[in-house]
Amino acid sequence: MRRRLRVLVTGAAGLVGAEVTARLAAAGHEVTALVHRTPVLVGNDGTPLEAAGVRCLTADVTRPRLGLSEADHEALAGGIDRIVHCAAITDFGRPEEDYQRVNVDGTAHVLELARAGGADLVHVGTAYVCGERDGLILETELDEGQRLANAYEASKLRAETLVHKARADGVRSAVVRPSIVVGDEHTGVVRDYKNIYVVLKLTTEGKVRSIPGQYEARLDLVPVDYVADVITQVTERFDEAAGRTFHAVGAPLTLRDFSDVMAEYPSFQVPRFVPPTSFDLGRLPREERVYYERVVALYESYFRRRMAFDASNTAQLVARPAPGGGQDFLRRLIDHCLESGYLGAPLPGVADVLARLDLTGADVSGPAANDANGAGR
Amino acid sequence: MTSHPNPPCPTEDATRSTVYAIVGAMAPMTGVELADETTLVADLAYDSLRLIELTLALEQGFGLPELPQEETAMVTTLGDIVRMVAAARRQEAAR
Amino acid sequence: MILSEEYLQSLLDKAYPQIRSVADCAVVLEGSIAEGFGNSSSDIDFLLIADSDADLPTMPSLLFVDGRRVEIRTRSVRQVAEQFSAVTAAAAGRPGAAPEDLLNRCQRLLRSFPLRNPELVAKVKGLMSFDDFQDTAREWWAHAARQSVRYALVLRQLGEEREAAAWTEAGLLQAVKSWAAGRGEAYLEPKWLPMQLDRIGDHPLCARYRALASLDVSGLDAADYVTEGARLTVDLGVTGAEPEAGRITVARAGAVTTWQTGERVHVVRGQQDVFVLGDRAARAWRSLVFGRTLEQTLATAQVAGVPQAGPLIAQFLRFGLVRAAWKGEGTIVPRMPLAAPSGDVTPPPSTARPVVGIGGAAAGGAEAVDLVPVPARRFSAAAMTLVWSNVLVENAREDLVGALDRGQWSVAQLSARRMLRFSLRGVLSAYAVNPLPPDSEVVRRLSLLPAAADLDEIRASAPSLETLTVACDTEGAAALAALDDFVALVRRATGAHSFPSSFGSSDGWRQTLEIGYDWLRLGAHLNADLPIDEASDLLSSGGAQPHATSV
């Protein structure tokens with residue numbers, strides 16, 4: 001039996017944070033679960049976490065001393081061996097300052113706590129700090145002057161850079177970089193339908209029909225249970241992990257894989273992938289344009305990238321084999337969405353609802369009205 | 001029924017019934033009694049995508065220009081929507 | 001037995017010299033006569049059992065002795081033991097997994113009549129208890145019955161009552177075989193079932209089975225017959241196929257994909273067969289969601305404007321485009337008694353012509369679930385070539401107009417020829433000719449196409465257009481007019497009449513590209529060849545509108 005650790009998990013109510021908390025508690029460690037608002041921790045499968053060995057603490061990473069009193073902060077710092085920093089905004093399209101406050105300032109505040117208590121830090125970053133670089137991305141690389149696709153990626157790069165700098169003042173740390181976190185490797189179960197799931201919903205329901213992207217572009221989806229396992233291992237075996245970075249990534253899927261798997265579901269629409277240079281937002285029907293602007297556009301860069309993530313450090317440290325499965329895994333994810341009703345049972349569209357309420361005639365305009373090929377596609 | 005109730009200075013009360021109708025018809029959860037305190041996410045099971053669609057429905061249903069995301073992001077209850085739409089309509093009428 | 005032991009011994013004596021026998025082997029009579037069934041035309045089946053672990057041939061020897069067909073099989077004790085343990089292993093695994101021939105061999109041996117070396121026969125029969133075997137046979141039949149009756153319930157819910165009744169008949173036969181096996185009547189083949197039931201004696205279930213043995217005998221209507229059949233199945237001890245709302249769900253059939261181009265829905269089976277759906281069929285197809293119940297599926301179809309979608313969904317099932325499942329217990333795989341598992345039906349290929357238009361394959365009506373008459377890859381390649389040929393026609397026409405404006409007569413003449421040939425590429429592609437003959441041959445290769453009024457007209461005008469000369473304004477104007485007429489004719493004949501407008505505006509161009517991208521998805525899925533380099537350029541590099549400045 002390993003030594004019983006006192007671990008603080010930030011963002012413990014989040015998808016990854018809750019799973020990490022559950023694993024550390026199950027392994028017999030004493031876990032302080034830092035939550036912003038939600039006092040109840042819910043696992044990925046939707047069941048509340050058994051509280052044994054877990055103490056919930058309400059705090060705010062965006063504030064100095066995590067919003068705690070000096071005394072509380074000192075007490076907290078003195079009572080922990082390790083910090084797993086999961087707290088972050090991971091969805092796209094938020095105002096720039098939100099990312100700065102939570103992802104960057106939050107990391108700085110957590111580093112202060114680590115410094116104050118001499119605790120070790122496991123920082124949860126993202127594999128996509130690589131931005132729009134091409135080719136094989138190594139765990140040892142961070143700032144290569146890459147172009148970043150959005151404010152989220154930029155904030156995570158700044159945060160990870162802070163973690164690196166703090167090593168100079170003696171804060172020992174390891175970084176785990178998950179790719180796109182999705183449902184369980186074997187069951188496809190996921191608690192929150194975010195990010196890629198929203199794009200899946202919009203496209204399969206035919207609300208977004210054209211996506212600027214390339215069939216060869218690759219999206220790396222990683223099961224949440226695997227990510228939590230990697231973080232847990234890195235936390236428990238910190239002495240081996242210190243100073244290193246671990247890619248927690250899955251089997252990459254090309255857009256062609258997505259297209260082929262989506263086509264296996266009779267009710268699904270399959271988007272057409274249009275070369276980015278010939279994609280014209282202004283020509284989309286109004287509703288599709290709004291969906292595009294407010295959701296899909298945030299992911300645009302992901303439909304062009306073709307990088308691959310090297311995960312040698314993870315393979316060396318973590319016993320569990322890296323998830324594979326490719327198309328089968330995607331099927332499992334989608335099948336779970338059908339089971340849960342997230343996909344396959346579209347709610348009535350805006351036009352239908354307004355027609356039913358006799359509120360149409362407002363502004364039917366834009367290319368939709370003269371789409372000679374019909375809206376039925 | 002007029003598809004575009006567009007009085008010179010729309011009041012919240014005049015807006016309320018149509019907002020209720022739209023929010024109710026768009027809601028993932030049906031059969032919930034609506035009040036100004038009803039919350040979109042907890043009571044009516046709106047998710048982020050459906051909230052975007054609701055915004056669209058409100059814009060189109062009331063013939064409003066695009067509602068700014070800073071405003072829509074602050075909305076949590078039906079009452080918030082009534083106030084937001086009424087304000088937008090007053091602004092529209094003033095133009 | 002209908003034959004005496006002395007007679008059997010004498011038959012064996014006569015047969016023995018003709019076969020390669022083994023010293024000290026045992027011989028038994030097995031099969032229908034040993035069971036006490038049979039008639040004057042029944043075969044005589046001998047099994048020789050060698051007390052060894054040799055690999056003896058499986059194929060029987062066939063002899064004619066005394067005007068009777070005599071079949072002689074050989075097995076070593078080791079082979080018999082292996083058969084028995086294979087049955088035991090199969091019974092412990094997935095229900096219904098034991099191969100039928102294996103069960104048959106074991107049953108026949110266990111119920112055989114010894115003719116030589118009775119000690120060895122007893123030893124061999126002692127390798128498996130008949131009680132265990134009888135349980136296995138009962139479960140095996142029960143599994144088959146369950147699947148058949150479940151499938152009958154699926155079909156009834158889809159409004160296919162007659163077919164449901166046929167599967168109920170099959171299921172009842174399997175269920176009564178299961179019941180009989182549980183009472184020791186484990187002889188596998190159903191042909192002696194009446195005698196098996198007679199031996200069981202005066203049992204109310206026998207009587208009920210006889211009254212429901214077929215739809216005709218029952219005097220019921222098909223839907224009621226299914227209900228009664230399902231009830232009797234339960235009473236015969238086969239559970240798990242009780243009619244119950246919400247038990248039947250829609251399930252995935254492997255390697256089936258859906259591709260829509262424009263309004264047209266295509267379903268590709270096994271990356272090979274393309275089915276094209278008519279409008280109602282397409283909407284019914286789009287209502288299928290894996291895991292949803294049949295009730296929900298039919299309701300969804302109704303909302304989508306297809307009331308009574310059942311028969312369409314039944315057709316999808318027959319063709320193996322989708323499966324039905326029994327909630328929580330996997331896909332329903334029905335099979336007729338002692339027949340090979342029923343495979344996916346493939347209808348005769350569609351005779352609709354042309355095979356493919358810009359917007360998709362030709363479908364023969366709203367309810368059509370038509371098999372496209374060419375393999376998927378060629379279909380997809382031909383369709384992409386068709387789309388692209390129409391783009392090229394417009395391209396060549398613009399070149400022609402430009403050359404005429406500037407009096408570049410030989411350029412104009414070349415462009416006129418290109419316009420003709422590109423349009424003929426389209427004609428050939430619409431009839432799924434792919435790869436295309438070289439451009440110099442396209443006029444002559446119109447001979448590949450069938451007789452039809454519009455095609456005859458095309459064949460009649462093409463040769464003269466290929467030899468048009470353009471050397472002055474008058475000839476140029478005449479050539480342009482003639483080619484425009486010809487292209488219009490071609491587009492009428494290939495169902496692309498709406499196409500020219502696609503080039504009149506940037507909106508039209510966008511729609512053209514969209515259809516191109518729609519087809520590209522299928523092409524990418526099938527790894528089909530992109531028709532020509534220009535098309536791959538268009539599809540991968542951005543597809544700026546050609547001659548955008550002139551529009």
Side-chain angles (χ1 to χ4, degrees), chain A residues 204-206 209-216 254-280 282-285 327-328 331 334-341 343-346 348 352 366-367 369-377, chain C residues 250 252-265 267-268 271 279 282-292 296-297 300 303-304 316 321-322 359 498 501-502 505-508 510-522 524-526 538-545:
Chain A
T204 58
E205 291 183 1
R209 295 174 176 281
S210 299
I211 284 185
Q214 284 148 353
Y215 277 94
E216 306 76 31
T254 61
L255 290 193
R256 198 189 131 172
D257 289 325
F258 273 84
S259 175
D260 286 352
V261 170
M262 285 159 84
E264 293 173 7
Y265 295 81
S267 68
F268 284 7
Q269 302 289 338
V270 179
R272 58 174 85 86
F273 292 105
V274 176
T277 43
S278 69
F279 182 77
D280 184 352
R283 295 212 169 279
L284 296 181
Q327 291 198 351
D328 277 342
R331 283 185 195 102
I334 294 177
D335 286 346
H336 172 71
C337 293
L338 292 180
E339 256 166 61
S340 72
L343 296 181
D352 290 344
N370 52 33
D371 184 351
N373 289 320
R377 262 169 302 149
Chain C
V250 172
R252 171 202 302 273
V256 173
T257 51
T258 304
W259 304 96
Q260 188 163 337
T261 52
E263 298 286 320
R264 185 67 81 216
V265 173
V267 178
V268 179
Q271 296 218 321
D279 174 58
R283 276 182 285 158
W285 177 253
R286 291 298 202 182
S287 307
L288 298 174
V289 177
F290 302 151
R292 299 281 193 278
Q296 289 169 323
T297 304
T300 305
V303 171
F316 301 146
L321 304 180
V322 68
S498 63
S501 66
S502 300
S505 66
S506 56
D507 227 29
R510 176 183 60 88
Q511 287 165 16
T512 307
L513 280 179
E514 282 178 359
I515 287 274
Y517 293 128
D518 282 353
W519 282 113
L520 183 70
R521 292 181 300 202
L522 176 59
H525 173 65
L526 297 170
L538 163 77
L539 297 168
S540 59
S541 76
Q545 187 174 355

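Since this is a predicted model, take the numbers as computed values, not measurements. A, B, ... follow the sequence lines: proteins, then strands. Residue 1 opens every chain.
- Only the side chain of Arg252(C) comes within less than 4.5 Å of a heavy atom in chain A; its backbone stays farther off.
- Taking both residues in full, the closest heavy atoms of Ala345(A) and Arg292(C) are given as CB-NH2, 3.6 Å, listed atom of the first, atom of the second, then distance.
- Checking Thr261(C), Ile515(C), Asp518(C) one by one against Arg272(A), the side chain to side chain contact (heavy atoms under 4.5 Å, CB included) holds for a single residue, Asp518(C).
- Residue Tyr265(A) touches chain C through both its backbone and its side chain, counting heavy-atom pairs closer than 4.5 Å.
- Asp260(A) and Thr257(C) get closest at one heavy-atom pair: O-CG2, 4.0 Å.
- Using a 4.5 Å cut-off between heavy atoms, Asp280(A) makes no contact with chain C at all.
- Smallest separation of non-hydrogen atoms from Thr258(C) and Pro266(A): OG1-CA, 3.8 Å.
- Remark: side-chain polar atoms of Arg521(C) are not paired, donor with acceptor, to backbone N or O of Phe273(A) under 3.5 angstrom.
- With a 4.5 Å cut-off on non-hydrogen atoms, Pro271(A) touches chain C through its backbone but not through its side chain.
- Side-chain contact between Ser267(A) and Phe290(C): absent, with no pair of heavy atoms (C-beta onward) separated by less than 4.5 Å.
- Among residues two or more places apart in sequence or in another chain, the side-chain hydrogen bond (donor to acceptor under 3.5 Å, both in side chains) test is passed with Arg264(C) by none.
- In this structure, the ring-ring contact (aromatic ring centres under 6.0 Å, His included) partners of His525(C), at least two apart in sequence or on a different chain, are Trp259(C).
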